[in-house]
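Data first, discussion second: the structure below is written as structure tokens.
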2 protein chains.
Amino acid sequence: MAAPVTRRTRNLVHTDPADVPLQDALDALADPVRRSILRELSAEPDFIRACGTFDLPVSKATASHHFAVLRAAGLLEQADRGPRRLNRLRRAEFEARFPGLLALVLAEGTSR
Amino acid sequence: MAAPVTRRTRNLVHTDPADVPLQDALDALADPVRRSILRELSAEPDFIRACGTFDLPVSKATASHHFAVLRAAGLLEQADRGPRRLNRLRRAEFEARFPGLLALVLAEGTSR
DNA sequence: GCGAGTGTACGATGAGCATCGAACATGTCA
DNA sequence: TGACATGTTCGATGCTCATCGTACACTCGC
């Protein structure tokens with residue numbers, strides 16, 4: 001029941017956060033749309049939200065691009081379930097690579 | 001002896017790190033030239049290095065622009081001493097506003 | 001197989017920003 | 001006052017990237 005390997009899944013490439021340069025991490029987090037994705041994702045359990053379920057102020061094509069950037073920066077893991085692509089925030093791994101960084105993003109907009 | 005207020009100093013505006021949005025901080029740190037300035041600055045005592053003493057791969061005009069961006073992001077404090085403008089890295093204040101962020105930048109290139 | 005739903009790939013467009021040279025401003029010292 | 005050094009400002013240029021519409025690919029249920 002868990003994770004049938006489809007044709008699409010085979011083309012899905014992930015990046016180990018340990019291999020991500022600081023430059024790439026900062027570039028990924030410098031975009032407000034991408035940060036909002038991360039915050040929204042952090043509010044729910046892993047592998048619940050599909051890409052299309054996010055309320056973003058951009059087109060479908062642009063949203064897809066943002067998810068690809070976040071994945072390449074080691075910030076999220078994706079898994080195909082049927083036609084949907086579910087997302088997981090890589091909290092622990094990314095925190096180990098860049099201590100404190102993700103917390104700043106998730107806390108953005110909170111209080112102050 | 002300390003800090004004569006010249007005409008130039010009066011036009012020098014600083015930003016309190018506490019007032020800096022995460023967006024501005026990330027934008028400032030996303031540039032490799034600016035990060036190299038911060039790292040170089042962190043290796044020496046406060047208010048020692050003038051803007052012109054940094055070995056940067058850009059023109060004088062561009063370097064000046066980078067210093068202005070860093071100042072606006074609450075990352076450094078500047079003080080005029082004669083024709084030179086000396087720099088101080090605002091470690092503590094910036095760390096208080098964005099815990100862990102500056103440390104990541106300063107550690108970039110170390111080991112690994 | 002067909003249709004609907006989901007996501008990606010592609011090519012084009014536009015805005016923002018890093019960059020530069022040159023001119024200017026400021027401060028020091030002779 | 002003049003010469004020199006330091007740094008900023010200004011306008012122009014080029015590149016990168018976010019954005020979009022469209023077409024395509026994949027998966028599932030009928």
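Every chain is numbered from 1 and lettered A, B, ... according to where its sequence line falls, protein lines coming before strand lines.
Distances were taken from every side-chain heavy atom of B/Arg84 (C-beta onward) to each of D/dT6, C/dT8, C/dG7; the shortest belongs to D/dT6. The side chain of B/Val58 lies closest to C/dC20 when the candidates are C/dT8, D/dT9, C/dC20. Distances from the side chain of A/Lys60 to the nucleotides C/dG7, C/dA23, D/dT27 place C/dG7 closest. In the set D/dT27, C/dG21, C/dG7, the nucleotide with an atom closest to the side chain of A/Ser64 is C/dG7.
When the C1' atom of D/dT9 is taken as reference, atom CZ of B/Arg8 falls 13 Å away, rounded to whole Å. Between the CG atom of A/Leu70 and the C1' atom of C/dG7 there is a distance of 15 Å, given to the nearest Å. Rounding to whole angstrom units, CD of residue B/Gln23 and C1' of C/dC17 are separated by 13 Å. The distance from atom CG of A/Leu12 to atom P of D/dC26 is 14 Å, rounded to the nearest whole Å. Between B/Leu29 atom CG and C/dC17 atom C1' there is a gap of 16 Å when expressed in whole angstrom units. Distance, B/Asn11 CG to C/dT26 P: 8 Å, rounded to whole Å. Atom CG of A/Asp80 and atom C1' of C/dG5 are 14 Å apart (whole Å). Atom CG in B/Leu26 sits roughly 16 Å away from atom C1' in C/dC17 (whole-Å rounding).
Listed pair B/His65 / C/dC17 fails the phosphate criterion, with no side-chain N or O lying under 4.0 Å from OP1 or OP2. Contact annotation: A/Arg85 reaches the phosphate of C/dT8 (side-chain N/O to OP1 or OP2, under 4.0 Å). A close approach under 4.0 Å does occur between a side-chain nitrogen or oxygen of B/Thr62 and OP1 or OP2 of C/dC20. Phosphate contact (OP1/OP2 of D/dA18, side-chain N/O of A/Arg34, threshold under 4.0 Å): present. Contact annotation: A/His66 side-chain N/O to D/dC17 OP1/OP2 distance is not under 4.0 Å.
Each of A/Ala61 and B/Pro83 lies near DNA chain C, and the nucleotide nearest A/Ala61 is the one positioned closer to the 5' end. With DNA chain C read from its 5' end, the first of the two nearest nucleotides for B/Arg7 and B/Asp27 is the one closest to B/Asp27.
When atom types are taken as modelled, the side chain of A/Arg34 and the backbone of A/Ala28 share a donor-acceptor pair closer than 3.5 angstrom. Between the side chain of B/Arg71 and the backbone N or O of B/Val13, at least one donor-acceptor pair lies under 3.5 Å. Side-chain atoms of A/Asp46 never come within 3.5 Å of backbone atoms of A/Arg88 as a donor-acceptor pair (strictly under, hydrogens ignored).
B/Leu76 and B/Leu26 fall within a single hydrophobic cluster, where Ile, Leu, Val, Met, Phe, Trp and Tyr are joined by side-chain heavy atoms under 4.5 Å apart, directly or via other members. No path of Ile, Leu, Val, Met, Phe, Trp and Tyr side chains, each step under 4.5 Å between heavy atoms, connects A/Leu86 with A/Leu89, placing them in separate hydrophobic clusters.
Looking at heavy-atom distances under 4.0 Å, B/Ala68 makes no contact with the nucleic acid at all. Within the 4.0 angstrom heavy-atom criterion, only backbone atoms of the sugar-phosphate kind lie near B/Asp31; the bases stay farther away.
The shortest distance between side-chain heavy atoms of A/Asp27 and A/Val69 does not fall below 4.5 Å.
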